[in-house]
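The figures that follow rest on heavy atoms only: side chains count, while hydrogens, waters and symmetry mates do not.
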Amino acid sequence: VELWMDGPTAHMELADQTDDIAAAAADAGVGLLCHLPFPLDLGSPYDAVRTASIDVLKESIDVAAAAGARKGVVHPRSVAYSGAWADDEIRAAVCDSIRELHQYGEGVNLEVCPENLFESRFTIHDMATLLSETPAKMTLDTGHARVAGMSDDELLAFVDEYAPQISHIHLNDTRHEADEHLPIGMGTMPFEQLLVQLRGLDWTGTVSMEVMTGEEAYLEMSKQKLDALR
């Protein structure tokens, strides 16, 4: 289960509930991961902004680790205006931030896993840079890869090349190059081929279904679809 740490479930709200969260996960027999807050700027050219963003993430990491989370998904993003700041400069600053967060997470036994985004300086097409410049392993988001223009064959080729550096996967379905986060099976993502490929590679990472719905029946259906594919 991937705990979303933003809004009503931000770290400030959960700080005094970590024991309860850990107990609930244990009772349900599920592993716990978290999605760290993402409206932050890890590549800001303004030191105070970047430092504050890192500090918020460290506070969230502390709470997540106290609740027993093993991994934390982070967005390697910056809103620095591309008309004023060189992309390479901003990417380098983001990589610096990821290195710092990775080291901090290691200290509390939580793995920080940057996620491929879209309309960003770190889409799926840029993750090779982050993986080579930092010690972090990534979160692969299937829907984000499609939104960034990656074909199914290209996605499978990416997984084949970078599987050892993929720690976590967000499975979310989509019908188009849009971030729909549909229940599994309602879109056209090649999940069966992906899972067959991962088995063939002896991949041992984690997977969560990032389905945006308020209907528990759709979550149950997604889990059944995933179990059938496994």
Measure the CE-CZ distance between Met150 and Phe118 for me, rounded to the nearest 0.5 Å.
15.0 Å

Contact between Asp6 and Pro39 at the side-chain level, heavy atoms closer than 4.5 Å - yes or no?
yes

Give a yes or no answer on whether the side chain of Ser132 reaches the backbone of Thr129 with a donor-acceptor pair at less than 3.5 Å.
yes

Specify the closest pair of heavy atoms between Val147 and Ala178, including all atoms of both residues, with the distance to one decimal.
CG2-C, 3.3 Å

Could you name each residue pair satisfying ring pair (Phe, Tyr, Trp, His ring centres under 6.0 Å) that touches residues 196-230, not counting sequence neighbours?
none

Any side-chain heavy atom of Ile166 sitting closer than 4.5 Å to one from Ile169?
yes

4.5 Å side-chain heavy-atom contact, Leu14 and Ile21
yes

For Arg146, the option from Asp152, Asp153, Asp173 that meets salt bridge (charged side-chain N to carboxylate O under 4.0 Å, His left out)
Asp152

If only atom types and distance count, is the side chain of Thr142 paired as donor or acceptor with the main-chain N or O of Asn172 below 3.5 Å?
yes

For the pair His168 (side chain) and Thr206 (backbone), establish whether a donor and an acceptor sit closer than 3.5 Å, ignoring hydrogens and angles.
yes

Kindly work out whether a path of hydrophobic side-chain contacts (I/L/V/M/F/W/Y, heavy atoms less than 4.5 Å apart) joins Val207 to Met127.
yes

Neighbour count >12 (heavy atoms, 6.0 Å) for atom CD, Gln224:
yes

Please determine whether side chain to side chain contact (heavy atoms under 4.5 Å, CB included) holds for the pair Met209 and Lys223, giving the CA-CA distance in whole Å, both sets of side-chain angles, and the decisive distance to 0.1 Å.
CA-CA 8 Å; Met209 303 177 301; Lys223 180 62 166 59; 4.0 Å; yes

Side-chain donor or acceptor of Thr9 paired with backbone N/O of Trp4 under 3.5 Å:
yes

I need the minimum non-hydrogen distance between Ser120 and Asp126, along with the two atoms involved.
O-OD2, 4.3 Å

Using the rule given for side chain to side chain contact (heavy atoms under 4.5 Å, CB included), can you reason through Gln193 versus Leu156, listing the C-alpha separation, both sets of side-chain angles and the distance that settles it, and then say yes or no?
CA-CA 8 Å; Gln193 297 98 306; Leu156 296 174; 4.0 Å; yes

Chi angles and distances behind the side chain to side chain contact (heavy atoms under 4.5 Å, CB included) call for Leu130, Asn116
CA-CA 10 Å; Leu130 190 148; Asn116 60 292; over 6 Å; no

Correct closest heavy-atom pair for Ala148 and Thr123 would be CB-CB, 4.0 Å

Are Phe191 and Met221 linked, directly or through intermediate hydrophobic residues, by side-chain heavy-atom contacts shorter than 4.5 Å (ILVMFWY only)?
no

Sole residue of Met189, Glu180, Met186 in side chain to side chain contact (heavy atoms under 4.5 Å, CB included) with Arg175
Glu180

Which pairs pass side-chain hydrogen bond (donor to acceptor under 3.5 Å, both in side chains) with one or both residues in residues 12-30, sequence neighbours excluded?
none

Is Val74 linked to Ile54 within one hydrophobic cluster, defined over Ile, Leu, Val, Met, Phe, Trp and Tyr using a side-chain heavy-atom separation of less than 4.5 Å?
yes

Do you know which two heavy atoms are closest between Ala67 and Leu32, and how far apart they sit?
O-CD2, 3.4 Å

Are Asp96 and Glu133 close enough that some pair of their side-chain heavy atoms sits under 4.5 Å apart?
no

Give me the one residue out of Glu210, Glu115, Met5, Met138 that meets side chain to side chain contact (heavy atoms under 4.5 Å, CB included) with Val73.
Glu115

Distance col, row Leu201:CG vs Tyr162:OH, nearest 0.5 angstrom, shows 14.5 Å

Under 4.5 Å side-chain linkage, directly or through intermediates, the cluster mates of Leu33:
none

Gap between atom CG of Leu194 and atom CG of Leu171 - 0.5 Å precision:
6.5 Å

Just wondering, more than 12 heavy atoms not from Gln103 lying within 6.0 Å of its CD?
no

With a 4.5 Å cut-off on side-chain heavy atoms, are Ile61 and Leu36 touching?
yes

For the hydrophobic clusters of this structure (ILVMFWY residues joined by side-chain heavy atoms under 4.5 Å, transitively), does one cluster hold both Phe158 and Leu198?
yes

How close do Leu110 and Ala65 get, heavy atom to heavy atom, and via which atoms?
CD1-N, 3.9 Å

Same cluster for Val56 and Val94 if Ile/Leu/Val/Met/Phe/Trp/Tyr side chains link at under 4.5 Å?
yes

I need the Asp55 CG to Tyr104 OH distance, nearest 0.5 Å.
9.0 Å

Tell me which one of Glu2, His35, Lys71 satisfies side chain to side chain contact (heavy atoms under 4.5 Å, CB included) with Ser208.
Glu2

Do the ring centers of His170 and His144 come within less than 6.0 Å of each other?
no

Taking the side chain as every heavy atom from C-beta outward, state whether Leu155 and Leu140 have any atom pair closer than 4.5 Å.
yes

Tell me if a side-chain donor or acceptor on Arg91 pairs with a main-chain N or O of Phe122 at a distance below 3.5 Å.
no

Asp41 side chain to Val79 main-chain N or O, any donor-acceptor pair under 3.5 Å?
yes

Using 4.0 Å as the upper bound for N to carboxylate O, is an ion pair formed by Lys58 and Asp62?
no

Indicate the atoms forming the closest heavy-atom contact of Ile184 with Lys225, along with that distance.
O-CG, 3.5 Å

Worked check of side-chain hydrogen bond (donor to acceptor under 3.5 Å, both in side chains) between Ser60 and His11:
CA-CA 5 Å; Ser60 297; His11 68 277; 3.0 Å; yes

About how many Å separate OH of Tyr46 and OG of Ser78, when rounded to the nearest 0.5 Å?
10.5 Å

Could you measure the distance from the CE atom of Met212 to the CG atom of Leu219? Nearest 0.5 Å is fine.
12.0 Å

Full working for side-chain hydrogen bond (donor to acceptor under 3.5 Å, both in side chains) between Ser151 and Glu154
CA-CA 5 Å; Ser151 70; Glu154 289 171 333; 3.3 Å; yes

Check: Leu195 and Leu226 side chains under 4.5 Å, non-hydrogen atoms
yes

Residue pair Ser167, Thr139: steps toward the side chain to side chain contact (heavy atoms under 4.5 Å, CB included) verdict:
CA-CA 6 Å; Ser167 179; Thr139 295; over 6 Å; no

